[in-house]
> 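Take this structure, written in structure tokens, and hold onto it; I'll ask about it next.
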There are 2 protein chains.
Amino acid sequence: MSDSISDVTIAKHDVQSADCRKISQVLARIGEKWSVLIIMMLSGGTRRFSDLRRDVDGISQRMLTLCLRGLERDGLVKRTVFPVVPPRVDYELTALGRSLCEPVVALGTWARDHTAEIDAARAAFDQRANLDGRRPDDD
Amino acid sequence: MSDSISDVTIAKHDVQSADCRKISQVLARIGEKWSVLIIMMLSGGTRRFSDLRRDVDGISQRMLTLCLRGLERDGLVKRTVFPVVPPRVDYELTALGRSLCEPVVALGTWARDHTAEIDAARAAFDQRANLDGRRPDDD
DNA sequence: GTCAGACATGAATGTGCCTTCTTGTGCGAG
DNA sequence: CTCGCACAAGAAGGCACATTCATGTCTGAC
């Protein structure tokens with residue numbers, strides 16, 4: 001195994017996996033618990049903090065703040081502070097954020113269409129694991 | 001706020017957010033660190049454990065095992081054990097797993113195309129945060 | 001007997017998201 | 001003065017994924 005062959009192989013592979021790793025990072029971010037909910041809500045237009053808070057079932061003020069901050073940091077969301085009292089803060093998707101909606105919707109469509117299959121697979125897997133009392137085998 | 005209006009509003013909203021939550025769960029799963037790498041590798045055809053181990057830079061035997069088991073449980077991957085010594089175990093995408101590749105690739109394309117923007121947004125956000133020594137404002 | 005190969009798993013630890021609870025800010029109303 | 005409003009943030013703890021290290025399994029070769 002000469003260095004030149006090893007370099008070529010690794011270099012080629014790195015290019016591929018660098019893409020995959022970036023995918024993975026993006027997925028990890030938008031896969032955070034509240035991200036998609038919030039992105040999809042903002043896809044309908046600018047919303048103020050309290051609107052979002054009320055409409056996202058189960059989210060706390062704290063989590064909403066954190067999530068919005070993360071999305072803002074990624075450039076997906078724009079935050080607008082109004083110099084009024086009581087304070088008012090609006091959030092809207094940026095162009096980047098809006099461009100993310102399509103692939104997210106596509107993935108969401110896939111998830112919705114295949115939920116039953118995934119759940120069934122999990123149930124079957126767990127049943128096989130329980131029956132065997134160990135790792136299920138295919139032999 | 002009568003019960004009927006409240007019920008209608010909540011019911012309608014739950015339907016939407018139930019979808020979003022399922023999306024979020026799926027995203028969280030495939031957003032796990034190694035999932036996409038492994039899915040995309042298997043998209044090229046059946047691979048044996050040790051092949052995957054060698055080709056995924058940085059993954060340990062342990063993490064590969066765990067990740068593959070998770071994907072198998074979700075029905076995305078099929079595991080085939082050969083009754084030979086030394087042991088041989090092959091993994092391949094199921095039809096479900098293959099159907100996932102398209103949306104994942106679409107999202108990956110988006111991520112690759114917008115990496116620079118996200119990175120720039122992050123840098124800008126962090127710089128604003130540092131300059132202000134506090135929460136950046138848009139006023 | 002030991003060792004190797006290929007894969008799976010147990011145990012302990014680290015990390016980061018998630019959550020709850022609490023406090024802070026800046027004004028106006030009473 | 002206290003309280004309310006709308007939003008942001010600090011502190012502490014929980015939980016699950018990720019990691020490292022070690023061990024286990026089943027055979028064949030030596």
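In what follows, chains carry the letters A, B, and so on, assigned in the order in which the sequence lines appear, proteins first and then strands, with residues in each chain numbered from 1. Note that the coordinates shown come from a computational prediction; the quantities given were computed from them, not determined experimentally.
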> Show, in sequence, the C-alpha distance, side-chain angles and deciding distance for Val56(B) and Trp34(B), and conclude whether the side-chain contact (heavy atoms from CB on, under 4.5 Å) test is met.
CA-CA 9 Å; Val56(B) 183; Trp34(B) 300 106; 3.7 Å; yes
> Using whole Å, what does the distance between atom C1' of nucleotide dA8(D) and atom CG of Leu52(A) come to?
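Taking CG of Leu52(A) and C1' of dA8(D), I get 15 Å after rounding.
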> Within a strict 4.5 Å, meaning less than it, do heavy atoms of the Trp110(B) and Val26(A) side chains meet?
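Of all side-chain heavy-atom pairs linking Val26(A) with Trp110(B), at least one is under 4.5 Å.
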> Nearest whole angstrom, please: distance from the P of dC18(C) to the CG of Leu68(A).
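For the pair Leu68(A) CG and dC18(C) P, the rounded distance is 13 Å.
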> Any donor and acceptor pair, going by atom type alone, linking the side chain of Ser24(A) with main-chain N or O of Val36(B) inside 3.5 Å?
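Here the side-chain-to-backbone pair does not exist.
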> State which residues pass side chain to side chain donor-acceptor pair (under 3.5 Å) with Arg88(B); sequence neighbours excluded, sorted by chain then number.
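By the side chain to side chain donor-acceptor pair (under 3.5 Å) rule, Arg88(B) matches Asp90(B).
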> Please state whether the phosphate of dA8(D), meaning OP1 or OP2, lies under 4.0 angstrom from any side-chain nitrogen or oxygen of Thr65(A).
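Yes.
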> Below 4.5 Å, heavy atoms only, C-beta onward: do Val104(B) and Ile39(B) meet side chain to side chain?
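Counting from C-beta outward, Val104(B) and Ile39(B) never come under 4.5 Å.
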> Between atom CD in Glu72(A) and atom P in dC7(D), what is the gap in whole Å?
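Result: 15 Å.
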> Apply side-chain contact (heavy atoms from CB on, under 4.5 Å) to the pair Thr80(B) and Glu92(B), showing each step before the final yes or no.
CA-CA 8 Å; Thr80(B) 306; Glu92(B) 61 188 300; 4.0 Å; yes
> Is the distance from OP1 or OP2 of dC7(C) to the nearest side-chain N or O of Ser50(B) less than 4.0 Å?
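The answer is yes; a side-chain N or O of Ser50(B) sits under 4.0 Å from OP1 or OP2.
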> Any side-chain heavy atom of Phe49(B) sitting closer than 4.5 Å to one from Thr65(B)?
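Yes. Closest side-chain heavy atoms under 4.5 Å.
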> Rounded to whole Å, how long is the line connecting atom CG of Asp74(A) with atom P of dC17(C)?
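So the CG-P distance, Asp74(A) to dC17(C), works out to 11 Å.
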> Roughly how many Å is it from CG in Leu27(B) to P in dC17(C), rounded to a whole number?
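Taking CG of Leu27(B) and P of dC17(C), I get 16 Å after rounding.
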> Contact class for Ser60(A) vs. all strands (heavy atom < 4.0 Å): base, sugar-phosphate, or nothing?
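Base: the residue Ser60(A), judged by heavy atoms under 4.0 Å, touches a nucleobase.
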> List, with names and distances, any nitrogen or oxygen atoms from the protein found under 3.5 Å away from nitrogen or oxygen atoms belonging to nucleotides 10-18 of chain D.
unit_1	atom_1	unit_2	atom_2	d
dG10(D)	N7	Arg62(A)	NH2	3.3
dG10(D)	O6	Arg62(A)	NE	3.4
dA18(D)	OP1	Lys33(B)	N	2.7

> What is the distance, rounded to the nearest whole Å, between atom CZ of Arg53(B) and atom C1' of dT20(D)?
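So the CZ-C1' distance, Arg53(B) to dT20(D), works out to 12 Å.
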> If you compare every side-chain N and O of Arg48(B) against the phosphate oxygens of dC7(C) (OP1, OP2), does one of them come in below 4.0 Å?
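Yes.
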> From CD1 of Ile59(B) over to P of dC21(D), roughly how many Å is that when rounded to an integer?
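Distance, rounded to whole Å: 17 Å.
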> I want to check one thing: is the phosphate of dA6(D), taken as OP1 and OP2, less than 4.0 Å away from some side-chain N or O of Tyr91(A)?
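No.
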> Can you find an N or O donor on one side and an acceptor on the other, under 3.5 Å apart, linking the side chain of Gln61(B) with the base of dA6(C)?
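Flag unset: no donor-acceptor pair detected.
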> Write down the distance between CZ (Phe82(B)) and P (dA8(C)), rounded to a whole number of angstrom.
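Value for this atom pair: 13 Å.
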